Amino acid sequence: MRVGVVGLGYWGPNLVRNLHQLPEADVVAVCDTRPAALDAIIGRYAGVRGTDSLDALVSDDSVEAVVIATPVSTHHRLALAALLAGKHVFVEKPLAASSLEATELIEAARRGGLVLMPGHTFLYSPSVNLIRDLIRSGDLGEIYFLSTSRVNLGLHQTDVSVVWDLAPHDFSILHYWLEEMPTTVAAVSRGCIIPEIPDVAFINLAFPSGAVAHVELSWLAPGKLRRTAVVGSEKMVVYDDTSNEPVRIFDSGVMPRNPETFGEYQLSYRTGDVVSPRVEATEPLALEMLDFCTAVRLGSQPAASAELGRDVVRMVEAVDRSLAAAGAPVPVAVSGAVADVL
Ligand SMILES: NC(=O)c1ccc[n+]([C@@H]2O[C@H](COP(=O)([O-])OP(=O)(O)OC[C@H]3O[C@@H](n4cnc5c(N)ncnc54)[C@H](O)[C@@H]3O)[C@@H](O)[C@H]2O)c1
């Protein structure tokens, strides 16, 4: 698949490197408005053409697919131009800056018979997939709750809040694991450094299955945490993306025994084995780019579907509505019609 990559800032060069290493893909052109970013890539990969114009890239007949890693505010305009020019599109998370924009992209891809895939990298993490299998197989039992921390010192963004920057990771993982949308979201946040741009957020989500989740996000923290705990009725799991034992399964729980007298509960706590399964070391980005190539070649549905990408945007929009309502719980739209009205 002959690919053009747009946006060569912090993240784009990682996509170029992974595409370059895939036998299924050939990076033929790159595009950025900054000449220095273009020069750095052209100097590293022989034979790659460079341009500062998206129009030039999408009118190049040798380009079959466009991979976009530009700021969120540009995703809709650039992705739509590529789709209208008949190119398959991969666009970094979040898919678009609103669910309306996401719907327009999905419609354009459908009309053109083209693949539209959002960049939810964590869906290609072997750890995330291992935990998904544990949840699906019933090994963890009923999922009671999930608690996740994604905090770090930096990088403060100037165009989006910490919610638009980091929540798409946790929201895509929750959606992928639980296979349901939350019914309500409640959030508080604060712009500690730049008052109008929240750099810390605490988000609570309630799901139809009864599962509840807490998501903590921040660019202002003493250290890096990428930790998620999943607590089920049978077992508990801790996923720590910074650890060399990223998944630990705890055979722990609590059993209510039959009450001896009415209203009196006898609880028995169980702390069993802790298992740390071997997790494949494959780079998620390589698997993600391969899934994009496969979707284009075979017409298969990528694990990160455009609809999942739009659902993630809807969850982020619900957080913004809750923030605007002083942290009140707000409903999350699940159908296109409701989403577009809210
Ligand atoms: N999947 C992940 O784990 C992950 C990680 C980091 C960033 N991202 C996503 O990648 C995207 C880019 O983030 P970043 O941190 O690399 O941003 P960045 O600001 O470092 O880079 C963006 C690049 O896009 C270029 N650009 C902007 N408008 C352009 C246009 N109209 N045409 C051509 N080039 C243009 C800029 O010159 C810059 O080089 C965002 O959507 C972000 O959410 C994803």
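As the structure lists them, so they are numbered: ligands from 1, and atoms in each ligand from 1. Quick caveat, the model's predicted, so the values are computed rather than measured. This chain uses plain numbering: 1 for the first residue, then up along the sequence.
- Near His75, the atoms of ligand 1 lying under 4.0 angstrom from a non-hydrogen atom of the residue are 41 (O).
- Between Arg270 and Asp251, at least one side-chain nitrogen of the basic residue sits less than 4.0 Å from a carboxylate oxygen of the acidic one, meeting the salt-bridge criterion.
- The 12-atom threshold is not exceeded at NE2 of His20, counting heavy atoms of other residues, nucleotides or ligands nearer than 6.0 Å.
- Looking only at protein heavy atoms, the nearest one to atom 10 (O) of ligand 1 is Glu92 CG, 3.4 Å.
- Contact atoms of ligand 1 toward Arg77: 31 (N) (distance under 4.0 Å to a heavy atom of the residue).
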Practice prompt. Given side chain to side chain contact (heavy atoms under 4.5 Å, CB included), test Leu130 with Val279 step by step and report yes or no.
Written response: CA-CA 8 Å; Leu130 195 152; Val279 179; 4.0 Å; yes
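- In terms of N/O distances under 3.5 Å, ligand 1 is not approached by Thr74.
- Checking side-chain atoms of Glu234 against main-chain N and O of Gly232 turns up no donor-acceptor pair under 3.5 Å.
- A donor and an acceptor atom, one from each side chain of Ser62 and Asp60, are located under 3.5 Å apart.
- In Arg297, the CZ atom is crowded: over 12 heavy atoms of neighbouring residues, nucleotides or ligands sit closer than 6.0 Å.
- Looking only at distances, no side-chain donor or acceptor of Asp159 sits under 3.5 Å from a matching main-chain atom of Ser73.
- Atom 25 (C) of ligand 1 has as its closest protein heavy atom Asp32 OD2, 3.3 Å.
- Looking at Gln157 next to ligand 1, no N or O pair under 3.5 Å apart turns up.
- Using a 4.0 Å cut-off between heavy atoms, Lys93 contacts ligand 1 through both its backbone and its side chain.
- Closest protein heavy atom to atom 18 (P) of ligand 1: Tyr10 N, 4.0 Å.
- Of all atoms in ligand 1, listed by their number and element, those nearer than 4.0 Å to a heavy atom of Val6 are 33 (C).
- Residue-environment remark: CG (Leu155) stays at or below the threshold of 12 foreign heavy atoms within 6.0 Å.
- Shortest contact from atom 30 (C) of ligand 1 to any protein heavy atom: Thr33 CG2, 4.0 Å.
- Counting only heavy atoms of the protein, atom 12 (C) of ligand 1 lies nearest to Ala69 O, 3.4 Å.
- The aromatic rings of Phe122 and His169 stand perpendicular to each other, their planes meeting at an angle above 60°, with 30° marking the opposite boundary.
- Taking a cut-off of under 4.0 Å to the non-hydrogen atoms of Thr121, the atoms of ligand 1 that pass are 1 (N), 2 (C), 3 (O).
- Side-chain polar atoms of Asp52 and Thr33 form no donor-acceptor pair below 3.5 angstrom.
- Considering both main-chain and side-chain atoms, Asp165 never comes within under 3.5 Å of ligand 1 through any nitrogen or oxygen pair.
- Which parts of ligand 1 touch Pro71 is read off a 4.0 Å heavy-atom cut-off, strictly below it: atoms 22 (C), 24 (O), 27 (C).
- When hydrogens are left out, the protein atom nearest atom 21 (O) of ligand 1 is Gly9 CA, 3.3 Å; that is the closest non-hydrogen contact.
- Contact record, Trp219 with Pro198: CZ3-O, 3.8 Å, taken as the closest heavy-atom pair.
- Proximity of Thr70 to ligand 1, defined as any heavy-atom pair under 4.0 Å, is shared by backbone and side chain alike.
- Counting only heavy atoms of the protein, atom 24 (O) of ligand 1 lies nearest to Gly7 CA, 3.5 Å.
- Trp11 CB, 4.4 Å is the protein heavy atom nearest to atom 13 (O) of ligand 1.
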